[in-house]
Amino acid sequence: MSYTRGFFAGTVTTLFAVGVYQYAQSPKSIQHQYDQQVSDDVKEQIKRRILKYGVPNRGEEAKVFTNHVLSYDQSKKIPIWVAECITKEHAQGNANRKYSKFMPDSQILSLFSADNQDYLGSGWSRGHMAPAGNNKHDQRAMDDTFYLSNIVPQDMDNNSGFWNRFEMYCRHLTKRFDSVQIFSGPLVLPTETDEKGQKLVVYPVIGKNEVAVPTHLYKIILVETNGTPSAIGCFIVPNQPIENKYSLTEFQVSLEEIQRRIGVEFFPKLDGTRLQSLCSVDSCTLTRRQG
DNA sequence: CGGTGTAGTCAG
DNA sequence: CTGACTACACCG
């Protein structure tokens, strides 16, 4: 709990270094130099000898759906990141969630999959990462978002409150920008400290599949005008009720921080582009009610 | 009997 | 919009 307060206060002052990538240049060790001299052929031979029966695989390769793409964490049974690229047309139409239902994703081996029983009665809601409401243009696209590969255990108040308004804000951005690319996903961050001052990562797991309950959720929003990226906003939100008094900007962080915490480089082909802060070109205010 | 499916209600 | 929960029909 103390981390939450620290987070609320601390993120405001977080250095905002969007679009700037720094790669620490480690001193070249002897081993490193040797490694560089080994030809790819030799490396392949070594691999074939030591990994005779194949290279171990975490199954994080991108999985493609009608209107979203995701990478899945087979250990935590929740996504790592879920990507969308939406325009205002995507959020309009007659698709209705009453025709959709939550179900396991057959692309995920059952050994690594959550099921509805894990969530029911757990005290945690099934929270979309790619939201259903971004897919009103196509019932199948909306149905796809109900696969549990796109779902994380989310605090009920957070889901229907702050996070819901956050998602509405993302749809609102499609009225101002040609397209809006969004990465959403869960995070487990250290939230506690033991008596020795050692930081701890503590998160619940639910159901027989022990689906990980993230401590936080994140969104990365990249808006485009005339086909070129113009601004970016990154946010980390605690997975707990968020009072209305908090504004979106209080949860803003740098792209660097979010990439370091998740261990993912989100835009490997977005090189050197100077991007403005989303909240400097847009209000970043959430509306109280739907609209 | 337990599991599935749907429709309606309730709440943030 | 975001969800859970309940009652009831159906089925093997």
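In what follows, every chain begins at residue 1, and chains take the letters A, B, ... in the order their sequences are listed. Since the model is a prediction, treat every value here as computed from it, not as a measurement.
- Salt-bridge formation is not detected for the pair A:K208/A:E210: no Lys NZ or Arg NE/NH1/NH2 atom is positioned less than 4.0 Å from an Asp or Glu carboxylate oxygen.
- When all heavy atoms of A:M129 and A:P186 are compared, the pair lying nearest together is SD-N, 4.4 Å.
- Of the candidate nucleotides B:dG5, C:dA4, C:dC1, B:dG5 has the atom lying nearest to any side-chain atom of A:K101.
- Note on A:H128: every side-chain N or O is 4.0 Å or more away from OP1 and OP2 of C:dC1.
- Checking B:dG12, C:dC1, C:dA4 against the side-chain heavy atoms of A:S160 singles out B:dG12 as nearest.
- Put simply, OH on A:Y119 is 14 Å from C1' on C:dA4, counting in whole angstrom units.
- In this structure, of C:dT2, C:dA4, C:dC1, it is C:dA4 that holds the atom nearest to the side chain of A:F102.
- Whole-Å rounding puts the A:N159 CG to B:dC10 P distance at 21 Å.
- Note on A:K199 versus A:D194: no salt bridge recorded, every NZ/NE/NH1/NH2 to OD/OE distance being 4.0 Å or above.
- When the P atom of B:dG2 is taken as reference, atom CG of A:N116 falls 20 Å away, rounded to whole Å.
- The distance between the ring centers of A:F102 and A:H128 falls below 6.0 angstrom.
- Side-chain proximity of A:A132 to the nucleotides C:dT2, B:dG5, C:dA4 is greatest for C:dT2.
- Within the 4.0 angstrom heavy-atom criterion, no nucleotide atom of any strand lies near A:G161.
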Worksheet item: Given the rule in the salt bridge (Lys or Arg N to Asp or Glu O under 4.0 Å) test, do A:R165 and A:E167 qualify, once you have shown the distances and angles that lead to the verdict?
Response: CA-CA 5 Å; A:R165 293 197 299 279; A:E167 291 171 342; over 6 Å; no
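- Distances shown here put every side-chain N or O of A:N164 at or beyond 4.0 Å from the OP1 or OP2 atom of C:dC1.
- The CG-P distance, from A:D118 to C:dA4, rounds to 13 Å in whole Å.
- A close approach under 4.0 Å does not occur between any side-chain nitrogen or oxygen of A:R165 and OP1 or OP2 of C:dC1.
- Rounding to whole angstrom units, CE of residue A:M168 and P of C:dG3 are separated by 11 Å.
- Atom-to-atom, CG of A:N96 to C1' of C:dT2 comes out at 13 Å; the value is rounded to the nearest Å.
- As a whole-Å value, the separation of A:Q154 CD from C:dC1 P is 17 Å.
- For A:R126, no side-chain nitrogen or oxygen approaches OP1 or OP2 of C:dG3 to under 4.0 Å.
- Minimum atom distance to the side chain of A:D157 is reached by B:dG12, of the listed B:dG12, C:dT2, C:dA4.
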